[in-house]
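Data first, discussion second: the structure below is written as structure tokens.
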Amino acid sequence: MASAGAAVQTQAFPLDAERVELLSRLVEGLDVSTLQWLSGYAAGLAVAQGGTVRVLSATEPDISAFATIVHGSQTGNGRRIAEALAAKLQVQGIQARLLRAGEYPLRELGRERRLFVVMSTHGDGDPPDDARAFTDFLFARRAPRLSSLEFAVLALGDSSYPKYCEIGRRIDERLGELGASRLFARVDCDVDFEAGAADWSERAFEALEQARPALAPARVATLRPVAVAPSWSRERPFTAELLANQRISIGDDVRDVRHIELSLAGSGLHYEPGDALGVIAENPSQTVEAVLAAAKLTGSEPIKRNGSSRGLADWLRSGLEITRVTRPLIGKFADRSGSAELSALLRPGNETSLRDFMTRTQLVDLLERYPADWDAPALAGALRPLVPRLYSIASSAKEVGDEVHLTVARLDSGDDRSSRAGAASHFLATRGDAAEVPVYVEPNPRFRLPTDSSRDLIMIGPGTGVAPFRGFLQERAAIGAAGRNWLVFGARHFASDFLYQIEWQRALKRGVLTRLDLAFSRDNGQRVYVQQRMAEAGRELYDWIESGASIYVCGDATRMAPDVHAALVSVIERHGALPADAARERLDRLGAEGRYLRDVY
Amino acid sequence: MAAPATSPVERIKAASRRLRGTIVESLADPVTGALREDDQQLIKFHGTYQQDDRDIREERRLAKLEPAYSFMIRTRLPGGVCTPAQWLVLDGLAGRYGNGTLRLTSRQAFQLHGVIKRELKETIAAMNAALIDSIAACGDVNRNVLASVNAPESPAHAEIQRWAARLSEHLLPRTRAYHEIWLDGEKVAGGEEAEPVYGPTYLPRKFKAAIAVPPVNDVDVFAHDLGFIAIVEEGRLAGFNLTVGGGLGATHGDPATYPRLADLAGFLTPEQLLPIAEAVVTTQRDFGDRGERKHARLKYTIADRGLDWFTAEITRRSGTALQAPRRFEFTSTGDRYGWSEGHDGRWQLTLHIESGRVVDRDGRQLRAGLARIAGMHRGNFRLTPNQNLIIAGVESTERAGIDALVEKYGLDDFRSARPIRREALACVAMPTCPLAMAEAERYLPAVSSALDELMEEYGLGGEPILFRISGCPNGCSRPYLAEIALVGKAPGRYNLHLGGDRKGLRLNQLYRENLDERGFLDALSPLFSAWAGERQVNEAFGDFLHRSGLLRATAPAGSA
């Protein structure tokens, strides 16, 4: 990942030290599309000097390009897969353009020759935010015929949601309907996507290699991919020291929310406000014990998986997912236990009940309620790998130096406690002083502060969704951003879970925070949520939007985000005196312009 | 008036547009449960204090949450009289908006604790709907007027109660700020209405008034800025002896501050009461120290300028002269527990309410029981200056019913409690009082038991003794008049004061400083031993300490 901290590999370049230094500074922090634009720009300069290379430019898409890779994902996994494929192709001199779904010039789809789509599914079968225009266009009745298009789809998803890989599946199906021909079958990937994605990429690469002779020899200036400094990753996490684990909510009737501070000292890890921190957690040991007891297994049974052999208990603690129930897992339980109830849940039309069931149930409940004869290999085989949990970073390095802060709600707390003890939230909340926490930085370039710091911000982040906005405000204060900052926060009780109350008060006093609107859902007779506050402040909200403010939303994807979206539409409708459709389009346009950004989960 | 440096509070009052300040805006700010700093001063005049739960202050600070701010609302209740209907309203508010308790204060008022900001207005409005206001219950004005409740045998009592109410009304601020802010009253244009008694900056400091009816000095009349000792001659109210310049507040380690008993200034007839009271107030308004709040009470004005000067000033201002004081005698300060018959043939029952805290706790359901009694009672209630409660005006036929409820709900503590505990007073202190340096109310049961056990060791168990505990030196529980007083200095640490009498006529003396429980018990041990061995018949502990020379001699109040 070309994040800040990318280093220029000196020996590969015919440049003197000073120019290497300049180049390093130039490329530091640039994202992939900018780097590609830069490479095209340099190639263009070469042409101007009499060279023959072709110039690629993301802003001037070249339709005759050999292939296009389009990606859309909320977490960055899809982007990484697409980037890796593009880099591999480029090394082989195969020309492919790499585009975020939100950047894809829709009117060119009809002339596209080869299209590779990497697309994730979110919430209730929704596309990533910035892919909405792309999918809307594709699914619309007036979508163009695509009979000369060849394509392949990689669908990313999370099988703990009922509509697993829904968007990828629909794109695949729709492209077929529109007359395009499938280069090879769609691949669906769960959260342990690496193997499936690598297969798919390999097949895409092979398909293009085969098609290559049909094309004129590539005359593209090939650059070696800029080497990134050895960096920590999800496969190779950095062991961060826990500096603080402080509960910041009070009482038993609200979620136990922790303010976590970790040290990144010595790691060379950098992050930007809006990025996420991946935490490699262990499952709670009492959950492991409960699973073993319910399955009537000892835990010492040896299990071989991915070439490594450990006892079952060990796998359950740190290798397998036991706090989230997935659709395939329910399927396996239905088969093994013969439960008609489970089979019924999986039938089409029961999605709501299934979702409900999945949020209320964890592995141990399945084992207890739907008894079956499980042996250790079968049980381990039914479970998917334990994946890192991503948390929005709640700090700015400009404020906290080499620390990183998180805001983590323990799922097994509060009076609406979910039976699924969150693996990572439990792991973090129960760490003591100086505990070691394996982490990596997951860049989230889709959720960044505006580069123009004089732009106003509207930040909507109820509950722990407020986390990135703490980082945003720290950053804006540190750089002396001229833009105004408006935060809309919601929680249950003013007195018990008004997260970071003292910090917001201080920010208001210092003028860093311009306005703070609050919605507490359990303090009065009527439940008040952020969207009501937005409606009440509609006039001002609209004025801010009209004067160029960027809107950021972070938090719950299933209920909050759609409600906030609807609230924004009606604010624009009412105060912009627009019909509902036009208001929706206006908001979509803000999304396309990067002025309406969401980090929802 | 040429005013030199004025204290910050003076500037806040002056700029407040007659106590309005920005209270409305402060109340509307959803980001904090507190008021702006200036408004925190001003709401005292409206009968409420901003406080926070100090028990959880640190926990909340770590949680990046502001302190758990809440408000204490103190009623204005002249003479401590309220109806059963009013009791029920306050009881309901305590449950709905408060912390589930009512506090009966040493100034015969109710306090509701734990009311949060966004419910403050509703609470005050609901109180007012029941005809109980909180105007001037705190702040630099005349606060709730005390009146003796322990003279039911005399028809003069009802008259005294009326005077307490008239005095309270007469000295109320005239600003409409209270009605505007809490009761949605019409806005007064400009908001600068005249304050004929107080002027634009009110008094330099709080001001307290009380009316006592000998022989019971339950109000501790010499502890107040302004006191009236009723002189009842041949069953009829002849007038009052005037006392001025009492006050108990002090600051640890500041010898310029001290508790002071009032001076006996002379006798006045009932018609003179209001003009003289007003003259006392305006004299203090004009001559009290507005530069240093610790030196701003009337007691310092009189101590600095002399009683003669003061008497001349109030004579001039009121246009009426005082006569020589009449004879009076106080025999005790305590309440008379149990049933007693009034002059009108109706009965009253005095209940012991420890620290005045009406709460359902530890097997006693004081709050539930009193609500039940309020539901059936047709007389009234009287809050006593000893933090107790009188169920007054009971027909003899109703007594049995009340007795049954008293027993059922554990309100019969007055029958069984040890004398030291029955007579004790404690201020609220921790966790809500911002001034508290040590526990008081919450420590009272344990500390009075420890003292009782110690007395038991010397065969003194069951001897009456006047014990008071205060969480800070400001003296809400009037500690400086007790035979034994603990005045909070730091968590678990107290100054030990000894030697008050049992009539409210003699200040006690600082005996030892900064003691923990072991320390003050050890200090008391030899004194109890001496008292047990050398006392004269029925000689009280404080009197014994003076007679035996263990404490230095002082002149009692009213002895001029």
Side-chain angles (χ1 to χ4, degrees), chain A residues 244-251 254-261 394-395 405 407 429 464 466-467 470 473 486-510 513-520 522-526 528 530 532-533 536-537, chain B residues 22 25-40 48 50-73 92-101 112-126 431-432 434:
Chain A
N245 169 9
Q246 171 62 48
R247 184 167 181 195
I248 55 169
S249 62
I250 286 190
V254 292
R255 281 266 166 88
D256 178 347
V257 178
R258 299 297 173 121
H259 174 71
I260 302 280
E261 297 181 0
S395 55
H405 298 181
T407 313
T464 52
V466 83
R470 182 174 182 265
L473 272 192
W486 180 351
L487 176 65
V488 185
F489 174 75
R492 284 191 156 203
H493 297 290
F494 172 85
S496 50
D497 59 354
F498 184 171
L499 307 180
Y500 299 111
Q501 178 187 26
I502 292 176
E503 295 189 5
W504 308 132
Q505 289 176 346
R506 231 175 268 148
L508 281 166
K509 204 166 273 180
R510 289 168 55 203
L513 187 56
T514 315
R515 176 170 178 164
L516 173 59
D517 283 31
L518 298 164
F520 294 102
R522 307 293 166 88
D523 271 348
N524 295 308
Q526 78 278 35
V528 182
V530 285
Q532 273 132 286
R533 293 292 181 237
E536 288 161 16
Chain B
T22 55
E25 292 80 358
S26 264
L27 289 171
D29 180 358
V31 174
T32 172
L35 302 179
R36 297 175 190 171
E37 269 183 44
D38 288 3
D39 295 328
Q40 291 172 27
T48 175
Q50 179 177 309
Q51 309 187 322
D52 76 282
D53 185 341
R54 295 172 60 181
D55 285 347
I56 57 171
R57 204 185 264 179
E58 180 62 8
E59 180 193 1
R60 294 184 62 86
R61 189 188 64 78
L62 292 172
K64 304 181 192 292
L65 293 167
E66 70 177 13
Y69 290 115
S70 68
F71 293 80
M72 177 275 281
I73 307 171
L93 292 174
R96 178 149 183 221
Y97 298 119
N99 65 356
T101 75
L112 281 177
H113 289 265
V115 179
I116 55 173
K117 187 173 84 171
R118 66 171 184 276
E119 293 173 346
L120 187 57
K121 183 172 172 175
E122 281 168 85
T123 311
I124 292 177
T432 52

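All heavy atoms count here, side chains included; hydrogens, waters and symmetry mates do not. This structure is a prediction, so every number in the text was calculated from the model and none was measured. The sequence lines fix the lettering, A, B, ..., with proteins before strands; numbering per chain opens at 1.
Contacts of A/Leu518 with chain B are made by side-chain atoms alone, with heavy-atom separations under 4.5 Å and no backbone atom involved. Of the two parts of A/Asp517, neither the backbone nor the side chain holds a non-hydrogen atom closer than 4.5 Å to a non-hydrogen atom of chain B. Contact of B/Arg60 with chain A is made through backbone and side chain together, with heavy-atom distances under 4.5 Å.
The line from NZ of B/Lys117 to CZ of A/Phe494 is 6.5 Å long, rounded to the nearest 0.5 Å. Put simply, CG on B/Asp29 and CG on A/Leu508 are 8.0 Å apart, with the number rounded to the nearest 0.5 Å. Residue A/Arg247 holds its CZ atom at 13.0 Å from CG of B/Leu62, rounded to the nearest 0.5 Å.
Of all heavy-atom pairs spanning A/Gln501 and B/Thr32, the tightest one is NE2-CA, 4.3 Å.
Other residues, nucleotides and ligands contribute more than 12 heavy atoms inside 6.0 Å of the CZ atom of B/Arg57.
For the set B/Ala63, B/Pro30, B/Ala68, the entry with the most heavy-atom pairs within less than 4.5 Å of chain A is B/Ala63. Interface summary for chain B: among A/Ile250, A/Leu499, A/Leu516, the most heavy-atom pairs under 4.5 angstrom belong to A/Ile250.
When side chains are defined from C-beta on, A/Gln246 does not count as touching B/Lys64, because their heavy atoms never get closer than 4.5 Å.
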